[in-house]
Structure formats: structure tokens, C-alpha cells
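The next block holds one structure in the form of C-alpha cells; read it before the comments.
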Amino acid sequence: MRTRSATPTPSPTTIDDRKLPMAALLALATAVFVTSLTETLPAGVLPAMSADLRVGESAMGQSVTIYAIGTALTAIPLSAATAGWRRKRLLLTAMAGFAAANTVTAVSGSYPLTMVARFVAGVAAGVAWALLAGYARRLAPAHLQGKAIAIVMAGIPIALSLGVPAGTFLGDEFGWRVSFWAMTVLALVLIAWIVAIVPDQPGQRADERTPLLRTLAIPGVAPVLFVTLVFVLAHTILYTYIATYLDRLDLGDSTDVVLLVFGGASLLSIWVVGTAIHRRLRELTIAATLLFAAAATILAAFSDSHALVLAAVVLWGLGWGGAPTLLQTAVGDAGGDEADAAQAMLVTLWNAAMAGGGVAGAILLDLLGTGSFPWSVLVLLIPVLAVVVAARAHGFPARRRGADA
């Protein structure tokens, strides 16, 4: 019987057990940045895209939804189909997909063609998201794997807090197509960076792979996936409609400032998680949930104070920023040799939650108004906290394997 290790065994020829391969990890972080920014960039240039392609803004907004659908539908099957591919080859293929999709978006004068390109970008994201956290783990020594994932996942808040405003500025000054051309150029530069710097890692042999349902049955995988689905759903309901929510509070003109504060708090959260995740994954996950819940409580009960709203945004960012690192590390630990398959399931549920959050938020907005958003977050976080606390043996263990290394 094949034994199951806590993490895939890295190649000894590519790892210095005393330090992190920063140039390679920064390349992977840039891949995360490209993935996140490609998804959210239309939000910053939506009116211009809508006018140019001659469709309503609500229809153009579906360019974000179809990206998430492309990721959710294809992450698991493509991860399974490419499990034997060498990791560098697979990452380069995904980045080439982004370059092609963003180029088509930049030149397209047709709404249907643009939507096809966005779907393809989502497919490339499914490949990348299922790969990147596991790749980062394999490039790092065992005692620094959590920090490696934290470095790579820093691409998410940087994309949201800096990338989207920068893309919006380019779109306002030079036209929305320039923003997507910039994404193409960045993807091409990144491809060259990966070729030159990032060490390769092997895929899995056919006899090493576990069927998907058996991966789901591995102790700890299901609790992490549940927490991912519900936590991301709660976040997306609030984040998707944050501008609408702030308008109700007469803070609509400060949306950019609020998002900058959120991004700064998220970056601080990633730094804290990166320094402590090796020994404190469980405590950090509980803290992230409680911080997000505290933020929702303030927004629900004390939204008449602008100062308290900003304080709540800080708490929200502190709770959210490190969440991708915590959840991907937790599912990788639980999955063991099947970490990539577990990551693919996490990516699928993550994007399903993002798509579902947009729909759920729209329903709440129409039926109950923006004041229902923070209350819905609180309701969703109750089972999240319960599962994290209960998953003490597997999923979010009191003691991570190898924590004393």
C-alpha cells in the first residue's frame, strides 16, 4: 500500500532547505496577480466596454460572471486531464491562455466574441489556480511552505487594491482596450520570467492518482472545502456590492478610499499569516472568521458612523487577506499526495461561491436592500466557525504535521 505524505516531495535539486526561492515565488505571485486582475478588470472599465460593444452595463457585467463559470466548470476535469504534465509546462500553457484571451478581448468589436474570450480566460484560470499553491509548496522547504504560499497569494489583494485602479486609470486615459493590451504584455513578460527562473517539477504518474471521490473522502478535505465555499460566498456578497452599500451610507464618493484601506489591511493580513501559518494555521483561521464576523457586526449595527465603517473595513481586510493562503494550505495538508486534486476542487468551489455570491447579493438587494448584506455575512459565518472549530483532528488540526521542523 502506498503511504500518504503530508505534502508532495519536492525535488532536492531545486530546493535550498534554508531559504525560499524568492525569484521563482514572485513569478508565481505575478501569475496569481494576472489571474485575479484579468477576472476583475472589467469592473473598472465597465461603462466604456458597454458603450463600445453596444450592450447594457448589466450585460457587460456578465463578463466577470462567465469568467468565474469557465473556472468553476473546468478546474476539476482539466486538473485531472493534466495531472501527468510537468508543472512548468502546465503553468506556461495557462499563461499563454491568458495572453491569447486578453488579446482577443482587446481587439474584439463583438460582444459574443468578447464573452468567448472571457470564458477562455476563466478556463486558463482554472488550470492556474489548481496548480499554483501546490507548485509553491513544492518549490519550498517543508518548514517554509506556508510562507511560500502566502507570498504567492499576495497577488490577490495587490490585484484588487492596486491592479484594478491602475487598469481603470489606463482605461480612462487611453481607452479600455489599452488596459487589456497591458495585461497581454504582462502575461508575455511573465512567460519569459517563468522560462528563465522557475524550476520545473514533475506531474503525477498514472498509478499515483486517486479518483476524485476518494480524494474528497480523505479526512480533512471536505471540512476545508465547506469552509471555502461558505466563507467566499459571504465575502463575495458584500464585496460585489460594496459600492452600492457605501452609496446608501453616503460614502459612495469614497469607494476608492475604502477599497484602498481594505487592500492595505489585506496585505497586512497576508504578512501575518505568512509569518505564523506554519505553527498557527488553526488559530489563524479561527481569527480570520472572527475578524470578518466582527466587521459584519459593526456594519450591521453601527453603519451610521463613517469612522466605524472604516474600522469595519480594516477588520474585514484583516480577516480576508490571509484566507486564500490559509485555505489552500489547509486543503494541501489534508490532501497529501492528492493535493493538486484537492486544490482543483477548492478552485471550483471558490469560483462557484463567487458566481453564487453575485446572484445571492442581487436577490438580497432587490428583496431586502443593502442593509441585509452584513446580516447575511453573519449568518453564513456561524457554520464556518463551527466547522473550523470541529475539524480539530483533520482539516484545521490543532497541530500541523511537521510544525517542529
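Computed from heavy atoms alone, side chains included, the values below leave out hydrogens, waters and symmetry copies. Residue numbers count from 1 along this sequence.
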### Query
Are any of the side-chain heavy atoms of I194 and L190 separated by less than 4.5 Å?
yes
### Query
Below 4.5 Å, heavy atoms only, C-beta onward: do T329 and R137 meet side chain to side chain?
yes
### Message
Using 30° and 60° as the class boundaries, would you call the ring planes of F180 and W176 parallel, tilted or perpendicular?
### Response
perpendicular
### Query
Heavy-atom distance under 4.5 Å between the side chains of R118 and P42, does that happen here?
yes
### Query
At what distance, to the nearest 0.5 angstrom, does CG of L144 lie from CG of L139?
12.5 Å
### Task
State, yes or no, whether a side-chain contact exists between V116 and Y111 at a heavy-atom distance under 4.5 Å.
no
### Message
What I'd like to find out is whether the side chain of S63 reaches to under 4.5 Å of the side chain of M60, using heavy atoms alone.
### Response
yes
### Task
Go through W320 and F292 one step at a time and tell me if the ring-ring contact (aromatic ring centres under 6.0 Å, His included) criterion holds.
CA-CA 7 Å; W320 169 256; F292 192 8; 7.3 Å; no
### Task
Evaluate the side-chain proximity of W271 to T275: yes if any heavy-atom separation is below 4.5 Å, no if none is.
yes
### Task
Under the side chain to side chain contact (heavy atoms under 4.5 Å, CB included) rule, what do Q201 and K88 come out as? Steps first, then yes or no, please.
CA-CA 7 Å; Q201 291 289 332; K88 189 169 182 173; over 6 Å; no
### Query
With a 4.5 Å limit on heavy-atom distance, are the side chains of L346 and V221 in contact?
no
### Query
Using a distance-only test with no angle check, is there a side-chain donor-acceptor pair under 3.5 angstrom linking S108 and T114?
yes
### Message
I need the L290 CG to T297 OG1 distance, nearest 0.5 Å.
### Response
10.0 Å
